[in-house]
Visitor: 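The structure's right below; bear with me while I get my questions together.
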2 protein chains.
Amino acid sequence: MLRRKNQLIDKQIGIKIRQIRKSWGISQIELAERIGISFQQVQKYEKGSTRISASRLMQISEALNVKITVFFEETEKIPIVSDLSPGYIPGEAPFENIQSPDKEEMTMLKLFRKIKNRKVREGIIKQLQGLIELENQK
Amino acid sequence: MLRRKNQLIDKQIGIKIRQIRKSWGISQIELAERIGISFQQVQKYEKGSTRISASRLMQISEALNVKITVFFEETEKIPIVSDLSPGYIPGEAPFENIQSPDKEEMTMLKLFRKIKNRKVREGIIKQLQGLIELENQK
DNA sequence: AAGTCTAACAACTGATAGTTGTGTTTTATT
DNA sequence: AATAAAACACAACTATCAGTTGTTAGACTT
């Protein structure tokens, strides 16, 4: 039948999804849970092996907290191959103020998330600020 | 089963399609031919009775000579208040319980990035690990 | 009033979105 | 360096639905 030349589009969108997901440091499972489907299905979206409905894409954009338009804009700029390299920094960050955390930053973020106590969290931030000041003024 | 709450989105997109199509003064048949499907299927898109894939929407946007984002623009701005989220705020994370990096985490991450010294970075991580262990074993 | 153009709707079917199950790789921990 | 576990890949199955065809009806020419 009509052989999809549009797989391409789904593929590009899929790559975008993966990029943004990773930039948030969440797993396929996590994303899947947020939108209420199996993580295997998320895989298919990312691989571009199934079509993504507009509504689904909307859900995903909400789950990843980005505007839905990012999945469509400048799709050709996306570097096709290199996604999982640890220090990967996309030509432009998927959204303005964020760049993909590298591996160390990832572990840091994950650890930080494990801390539930607000006071402790604030304390850590304070400490970080202190450290930076110290580093700067020498 | 999962009853689509997202019909809504397809519906809104459908309305947009119809609006734009009519604004060009072309028939369903014309549009259908341009993208190579039956006009009845175009009907369904416009009615929102079937889901529109992202790739299809791309085709439609090309056929109607508009940027694909227009189908979402208004849709996005129009708060989908009616569906579930009571305190929904467009710019913010829809899932408060689970974390996409919240504001605090973001500032933390940014601070962490400012620290160049590897040793210091590792030290901080070690410290966090310690804190967590401590928290867990009480 | 017959022909053409447009659109709505129903019924059918092949394709596929989404599932579950299992295996593999990567990351974290001791 | 061994082990556990999290994260991912892939295959096979199934229920759903995207897309088809067929019919009907208004609207507008001629």
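Order of the sequence lines fixes the chain letters, A, B, ..., with proteins taken first and strands second; residue numbering starts at 1 for each chain.
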Visitor: As a quick check of understanding, evaluate side-chain contact (heavy atoms from CB on, under 4.5 Å) for B:Gln41 and B:Thr50, giving each step before the final call.
Guide: CA-CA 9 Å; B:Gln41 188 55 33; B:Thr50 71; 3.3 Å; yes
Visitor: Could you give the NZ-to-C1' distance, from A:Lys22 to C:dT27, as a whole number of Å?
Guide: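 After rounding, the gap between these two atoms is 12 Å.
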Visitor: Does A:Gln28 put a side-chain nitrogen or oxygen below 4.0 Å from OP1 or OP2 of D:dA9?
Guide: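 Yes.
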Visitor: Just N and O in the side chain of B:Arg21: are any of them under 4.0 Å from OP1 or OP2 of C:dT6?
Guide: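 No, because none of the side-chain N or O atoms of B:Arg21 sits under 4.0 Å from OP1 or OP2 of C:dT6.
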Visitor: Looking only at the side chain of A:Gln41 (C-beta and beyond, no hydrogens), which of the listed nucleotides D:dA9, D:dT20, C:dT19 gets closest?
Guide: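 Nearest nucleotide to the side chain: C:dT19.
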Visitor: Taking atom types as modelled, find out whether A:Tyr45 and A:Arg18 have a side-chain donor-acceptor pair closer than 3.5 angstrom.
Guide: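 The criterion, which ignores hydrogens and geometry beyond distance, is not satisfied for A:Arg18 and A:Tyr45.
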Visitor: Ignoring hydrogens and geometry beyond distance, is the side chain of B:Gln43 in donor-acceptor contact with the base of C:dA8 at under 3.5 Å?
Guide: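 Donor-acceptor pair under 3.5 Å: yes.
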Visitor: Quiz question: going by heavy-atom distance under 3.5 Å, is there a donor-acceptor pair between the base of C:dG21 and the side chain of A:Gln40?
Guide: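 For A:Gln40, whose side chain was compared with the base of C:dG21, there is a donor-acceptor pair (under 3.5 Å).
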Visitor: Using whole Å, what does the distance between atom P of nucleotide C:dT27 and atom CD of A:Glu30 come to?
Guide: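 Value for this atom pair: 18 Å.
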Visitor: Does C:dT16 have OP1 or OP2 under 4.0 Å away from a side-chain N or O of B:Arg51?
Guide: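 Result: no.
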Visitor: B:Tyr45 has an atom OH; how far is it from atom C1' of C:dA7, in whole Å?
Guide: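 B:Tyr45 atom OH is separated from C:dA7 atom C1' by 17 Å.
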Visitor: Taking the nucleotide of DNA chain C with the closest heavy atom to each, which residue, B:Ile26 or A:Thr50, is nearer the 5' end?
Guide: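 Its nearest nucleotide lies further toward 5', so the answer is B:Ile26.
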Visitor: Once you round it to whole Å, what is the distance between C1' of D:dA9 and CD of A:Glu46?
Guide: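 It is 12 Å, rounded to the nearest whole Å.
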Visitor: May I ask you to say what A:Ser27 touches in the nucleic acid, namely base, sugar-phosphate or nothing, with a heavy-atom cut-off under 4.0 Å?
Guide: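 Sugar-phosphate only.
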Visitor: Side chains of B:Gln43 and B:Ser38: do they bring a donor and an acceptor to under 3.5 Å?
Guide: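 Side-chain D/A pair, B:Gln43 to B:Ser38: absent.
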Visitor: Measure the distance from CD1 on A:Ile17 to C1' on D:dC8 and round it to the nearest whole Å.
Guide: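 Atom CD1 in A:Ile17 sits about 16 Å away from atom C1' in D:dC8.
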Visitor: Using side-chain heavy atoms (C-beta onward) and a distance below 4.5 Å, is A:Ile17 in contact with A:Leu57?
Guide: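 A side-chain contact under 4.5 Å exists here.
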Visitor: By nearest atom, which of the nucleotides D:dC10, C:dT6, D:dT20 is closest to the A:Lys47 side chain?
Guide: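 Selected nucleotide (nearest to the side chain): D:dC10.
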Visitor: Could you tell me the separation between the CG atom of B:Leu31 and the C1' atom of C:dT6, rounded to a whole number of Å?
Guide: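 After rounding, the reported distance stands at 14 Å.
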Visitor: Check this for me: does any side-chain nitrogen of one of B:Arg21 and B:Glu46 sit under 4.0 Å from a carboxylate oxygen of the other?
Guide: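 Judged by the 4.0 Å cut-off on N to carboxylate O distance, B:Arg21 and B:Glu46 do form a salt bridge.
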Visitor: Between atom CZ in A:Phe39 and atom C1' in C:dT25, what is the gap in whole Å?
Guide: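 Atom-to-atom, A:Phe39 to C:dT25, this comes out as 13 Å.
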Visitor: Would the base of C:dT16 count as contacting A:Lys44 through its side chain, where contact means a donor and an acceptor less than 3.5 Å apart?
Guide: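 It does not, because no donor-acceptor pair links the side chain of A:Lys44 to the base of C:dT16 below 3.5 Å.
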Visitor: Has A:Ser38 got a side-chain N or O lying under 4.0 Å from the OP1 or OP2 atom of C:dT19?
Guide: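 The answer is yes; a side-chain N or O of A:Ser38 sits under 4.0 Å from OP1 or OP2.
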Visitor: How close or far is atom C1' of C:dT13 from atom CD1 of B:Ile37, stated in whole angstroms?
Guide: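 Rounded to whole Å, this separation is 17 Å.
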